[in-house]
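In what follows, a single structure is set out as structure tokens and then discussed.
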Amino acid sequence: MSSPLLTLDNLTVTYDRHPAVHHVCGQFARGSLTAIAGPNGGGKSTLIKSIMGELRPADGRVAHQLKRSDIGYLPQAAEINRRFPISVIDTVLLGSWKTTGAFGRIGRKHRQEAADALAAVGLSGFEARPIGSLSAGQFQRVLFARLLVQDARVILLDEPFTAIDARTTEDLIGVIGQWHGEGRTVIAVLHDLDQVRRYFPQTLLIARELIGWGPTGTVLTDTNLSKARMLSESWDEDAAICEPAA
Ligand code: ADP
Ligand code: MG
């Protein structure tokens, strides 16, 4: 494995002092392709949000040398507002802010990049469509096009294929493979363990506690999966307040 890009050092993230991610340690190697798996409520989204700096740890830390603009993030579908009246091309162009700056001008180069990204996800000709008129699969393609334009070194995807049709899923897994081939570091929360086994060399299995992290075949064992299930079933919202070390 190459050098670590992101290190989780005893990471604990809490909501009202109840830990959703508890004492997690480990490293994402530069250029690695990792699936985050685990039961519902297991802390997967919380982990992704703390990696990108949206949530602050209650204890421990996420250590890296990255700038905010080095990280591309696709939130879980439920957290994205599709009613916003914006076109497909303008949504993709939002990915260009790293090079245009907050008040920069969108030039011909940016428009060409956005058009190329739309072509890469199979949506040429959709430029002027309002995003509200797209199917779930088409909208997910637009969000991947935006990530393509953003050109980030690290890409975090939270359940990119939940409620997405098979054809779109297949195409977008191809985009992930392309990112991986370009040496980017990709971390994706996934539900479908067959998908994880087929396309993701590394897996981080979490049920609030870290259950396993390493080569997918060694992590997704029956023992580990039943451990994850047991931990999630034994949860109690009122239990386990974590007091960080002073
Ligand atoms: P996953 O993505 O694995 O389904 P989450 O990270 O979303 O899990 O949630 C982990 C735990 O934290 C769950 O018990 C969830 O109810 C709780 N949780 C998530 N977000 C919040 C929040 N904003 N406020 C309080 N509790 C939350
Ligand atoms: Mg989640």
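This structure is a prediction, so every number in the text was calculated from the model and none was measured. Residues take their numbers from the sequence shown, with the count starting at 1. Remember, it's 1-based here, ligands and their atoms both numbered in the order they're listed.
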Would Asp171 and Arg141 pass as an ion pair if we require N to O under 4.0 Å? yes

Does the pair Asp151/Arg184 count as a salt bridge with the N-to-O cut at 4.0 Å? yes

When you measure from atom 3 (O) of ligand 1 to each heavy atom in Lys44, Arg208, His18, which option holds the nearest one? Lys44

Quick check: Thr46 and ligand 1, any N/O pair under 3.5 Å apart? yes

Should Ala20 be counted as touching ligand 1, given the test is an N or O pair under 3.5 Å? no

Number the atoms of ligand 1 from 1 as they appear, then name those within less than 4.0 Å of a heavy atom of Asn40, with their elements. 4 (O)

For Pro39, counting its heavy atoms only, list the atoms of ligand 1 lying under 4.0 Å from any of them. 3 (O)

Can you give me the closest heavy-atom contact between [X] and [Y], atom names plus distance?
| X | Y | answer |
| --- | --- | --- |
| Ile71 | Ile51 | CD1-O, 4.2 Å |
| His110 | Leu93 | O-CD2, 3.6 Å |
| Gln140 | Leu74 | NE2-CD2, 3.7 Å |

Does Thr46 bring an N, O or S atom to under 2.8 Å of the Mg ion (ligand 2)? no

Does Gln76 put an N, O or S atom under 2.8 Å from the Mg ion (ligand 2)? yes

Applying a strict 4.0 Å limit to heavy atoms, is Gly38 in contact with ligand 1? no

Verify the neighbour count for atom CZ of Arg108: are there more than 12 heavy atoms of other residues, nucleotides or ligands below 6.0 Å? no

